[in-house]
Amino acid sequence: MKLGILLTTSPEHQNSTTALCVGRAALELGHEVELFLMDDGVYNVLDSRDNLVAGAFAALQAQGAAITLCGSTCDPRGVTKESAVAGVVFGSQYDHAQILHRTDRFLVFG
Amino acid sequence: MKLGILLTTSPEHQNSTTALCVGRAALELGHEVELFLMDDGVYNVLDSRDNLVAGAFAALQAQGAAITLCGSTCDPRGVTKESAVAGVVFGSQYDHAQILHRTDRFLVFG
Amino acid sequence: MKKQVTMLVRHGPLNTVRAAEALRAAVGYTLAPQRVTALLIGTGVCAGAAGLRPELVGQPEVAKHIETLKLLGHRVVADRPSHEALGAFPLHSAVELVDRAEVLKLLGESDVVVPY
Amino acid sequence: MKKQVTMLVRHGPLNTVRAAEALRAAVGYTLAPQRVTALLIGTGVCAGAAGLRPELVGQPEVAKHIETLKLLGHRVVADRPSHEALGAFPLHSAVELVDRAEVLKLLGESDVVVPY
Amino acid sequence: MKYLHIIKDPAETFAWQVAEGQAHGGHEVAVLLWQDGVLSTRASALPLYATATDLEARGIPAGRVKAVDYREVVELVFQHDRVTCW
Amino acid sequence: MKYLHIIKDPAETFAWQVAEGQAHGGHEVAVLLWQDGVLSTRASALPLYATATDLEARGIPAGRVKAVDYREVVELVFQHDRVTCW
């Protein structure tokens, strides 16, 4: 089955950990996992030595999850292709709509 | 008189605009203004071409306001001396305590 | 298969970008085969107020998204009890007031509910 | 002049970093000539629960700050009505339960109140 | 129809109303509490689940709720037709 | 003692309780509404102020509140002995 995850809050919120735990468990059980990050959610993949959350999202990606960001919410927040975790896709609300549509369940972390 | 301002929310929140407007008005009326930014508040000074809020804080600083960040909340958020608006001070909770103590009024934006 | 999607706008219109972003995402949802309803509830009903001018406080547009949803044949509805609790202010003409019973029916019939 | 400062902890302990950060800032406030009280109120009283283990959900420590405040001779108090509404769970030994009347008195006497 | 409501705010009221309304309408409805949602003291006749780590992190005994791990969360999510994450 | 309470959340209740308690105790108390706080419909006998731009941005007539600009906000802040920004 396909699981969609929307994350709109910064790493301040436990949402990051919960989304990571659910995503990991879904992958382990053989499901596909797609995440869409927008608003302050994009800060979760702002890479830095001390951002443990960003590292955990990179690991989730390595485990098979696809991560797409809303590019237009990255620009004003200073999240760029250079400063973000490698491999995340800078997409748009079109991607958000497609993920919502093609996944069997859609979990919202806001 | 001395006005202290604490800002703990990201630029998503109208707090940024309100704090800027109050700070500007206080400076125009001849008061001293000191800001302390912590938690997601530090994202307000993450510099980028499209972060209009960061530009407005830089302008407030140029107008005479002092801006201090909680360094330990910058680290995990990837806000560094290189990525932040020039001139802001990377401080600590000691600075927060001193600002609270030496200002006549302390406004909290959380 | 066409999905029925309901976006819940639960936050005030201008304290944060959330109401505007929820509506922007709702407009985005129409780019897939989806029937979209934006439901304004709680303080979120204020996002449907006539005469919002977010630019005055440095916040993003709201009305544009409401109008786009309507134009594309989707719905923007406001929960009547929330609206009354907040003083029954004038609403944008594209926003329909609906009773709580209809709100519950709408949520029950939605394939996906997105609380924002 | 010594200032009387009250930090209001209004958020649940682990959904966000806010409760932990409020308490960390309250500890910081003792670095100036200030008499500090951390007041746990609303869902914030849960930050005073005995046996919190924030590390299990990737959130920062809370109890350490409560203990430090107490050790330095400052106070951590919890609003009794909030505590009762949330099921009157066991509290950390450094947290004093106080009635609403005392909460209001404390707020009235504070030179600075910091709602977090 | 099988509905699952996931609640993270102990002060949430509307989600409970929706869930109880659906149960009243003859649907199979369950509630999963996670994050600070496990602090909820709301009385309810619905089947209640809660994430074990969230209970443990907040020092709360499972009591009236069934504690689940994240794999069980994923199973609950796919076992229910419609899931709302409040 | 002169207290000023600044409220940004229309659902705020505790701050109003505190303000009204202080007024009842013989203090001079005023409330400033800003941001979405200007949407508050709470009945109160306290002097009420609201930021003009926040009213205008939300399409609300000043009505029962006194509209103020940011310079007047700063003056209110310094005219009151103790200010709490809720």
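Just so it is clear: chains get the letters A, B, ... in the order the sequence lines come, proteins before strands, and each one is counted from 1.
Closest non-hydrogen pair, D:A19 versus D:P13, comes out as CB-CA, 3.9 Å.
Using a 4.5 Å cut-off on side-chain heavy atoms (C-beta onward), D:V77 and D:L97 make no contact. Looking only at side-chain heavy atoms (C-beta outward), D:L69 and D:V36 come within less than 4.5 Å of each other. With a 4.5 Å cut-off on side-chain heavy atoms, D:V9 and D:I41 do not count as touching. Between F:L32 and F:I7, the closest side-chain pair of non-hydrogen atoms is not below 4.5 Å. At least one side-chain heavy atom of F:L55 sits under 4.5 Å from a side-chain heavy atom of F:V65.
Looking at D:V114, neither its backbone nor its side chain comes within 4.5 Å of chain F, counting heavy atoms on both sides.
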Going through the distances and angles, do D:K64 and D:E61 end up as a salt bridge (Lys or Arg N to Asp or Glu O under 4.0 Å)? CA-CA 6 Å; D:K64 182 180 69 177; D:E61 271 194 89; 3.7 Å; yes

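If you run side chain to side chain contact (heavy atoms under 4.5 Å, CB included) between D:V113 and each of D:V5, D:L107, D:L39, only D:L107 comes through.
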Short donor-acceptor contacts under 3.5 Å linking chain D with chain F:
from   : atom 1 : to    : atom 2 : distance (Å)
D:R100 : NH1    : F:Q17 : OE1    : 2.9
D:G108 : O      : F:Y3  : OH     : 2.5
D:G108 : O      : F:R82 : NH1    : 2.6
D:S110 : O      : F:R82 : NE     : 3.3
D:D111 : OD1    : F:R82 : NH2    : 3.2

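Within the structure, salt bridge (charged side-chain N to carboxylate O under 4.0 Å, His left out) contacts touching residues 23-51 of chain D (residues at least two apart or in different chains) are D:E21-D:R24.
Residues passing the side chain to side chain donor-acceptor pair (under 3.5 Å) test with D:H74: none are found, sequence neighbours excluded.
Along residues 48-55 of chain D, no residue comes nearer than 4.5 angstrom to chain F, judged on non-hydrogen atoms.
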